[in-house]
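Structure first, commentary second.
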Amino acid sequence: MFKLAEYKPYLNEPSTGRSKDATISPTINGMDPEHALVRPVPATFAQALVRNGSRRLNASVATEQHQTYQQQLSKAGYTLLEVPTDDRCPDCVFIEDTAVIIGSVALVTRPGARSRRPETGPVAAVLQQHLPTVVVTEPGTIDGGDVLISGSTVYVGRSQRTNGEGIEQLRRISATQGFDVVTVGVYDTLHLKSAVLPVGAETVVVTPNSVEEEQLDGLRVMFEDETERFRFSALPLRDGRLLVTRSSPRTVARLESVGYEIEAIDISELQAADGGLTCLSILF
Ligand code: GLY
């Protein structure tokens, strides 16, 4: 197992060309996902859940930013599939929270926020056309934003949204697909992937002191710049580019210096509602 401390200097290594992980195409469960399931921004987006902050959200700006995101997914070669939006669900653009692909199965979640539970049905209806589905049951709760898969390990955040019973149900379904589950405590942020962003098959960018870092032993860890706390988000694309947030230039520069091919977009309005680049799609 890697020792986290050994990887802390990783960002400071002089660039000696393209890093090994930067050349690895993103894979999920060893497969190359072809589909991207998305859900447009609802007109009620201004009522989306927000942990901190008081500024009014703008649905039009969020819609433009979401369209740019979808263009990047298309350019990368994904076939876009759309779940119709629902104005009764202000957070429904954050579709990742409603289902997790584990091996050949889609696990339909039971979101931790009660207001988000009606989001899952229409997503499950589309996924069922492509994959077998299983459903998280009461009293379990899981948000997909708390689930990160690398190799044969499922990392799951124990957070305000994902509880112990939800993690047990995730463990049972993961075992049937040959995956181990590692629980990671999440502090001071919404989801595991608010603070731990996969940027390659085995590498993550972590916001320092925001999750139980010792649980990430099996991953190569890079750190977000301290001046950009929780502003960095990323999504490895199937064409080898890394989609990143424009709001985190220092962290992005570190990735470029070790060889990542970067595409930076502005999703600031979606970030204002605690969203990130992984939240906006389900890849399978
Ligand atoms: N606004 C995203 C969430 O709270 O789930």
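Counting starts at 1 for both ligands and their atoms, in listed order.
The proximity of D91 to ligand 1, defined as any non-hydrogen pair under 4.0 Å, is limited to the side chain. For R51, no heavy-atom contact with ligand 1 is shorter than 4.0 Å.
In this structure T44 satisfies the side-chain contact (heavy atoms from CB on, under 4.5 Å) test together with P42, Q47, D87, P90, sequence neighbours excluded. Partners of R172 under the side-chain hydrogen bond (donor to acceptor under 3.5 Å, both in side chains) rule, at least two apart in sequence or in another chain, do not exist in this structure.
For atom 4 (O) of ligand 1, the nearest protein heavy atom (residue, atom name, distance) is R161 NH2, 2.8 Å.
The atoms of ligand 1 that sit less than 4.0 Å from any heavy atom of A273 are 1 (N), 2 (C). The contact set between ligand 1 and L190, taken as ligand atoms under 4.0 Å from a residue heavy atom, comprises 3 (C), 4 (O).
Under 4.0 Å is where a charged nitrogen must lie from a carboxylate oxygen, and between R55 and E269 at least one such pair does. Between E119 and R39 there is no salt bridge, since no side-chain nitrogen of the basic residue lies less than 4.0 Å from a carboxylate oxygen of the acidic one. D146 has no carboxylate O lying under 4.0 Å from a charged side-chain N of R161, or vice versa, which leaves the two without a salt bridge.
When only interatomic distances are considered, the shortest N/O to N/O separation between L49 and ligand 1 falls below 3.5 Å. By the 3.5 Å distance cut-off applied to N or O atoms, R116 is counted among the residues near ligand 1.
Heavy-atom minimum distance, R254 versus F223: NH1-O, 2.9 Å.
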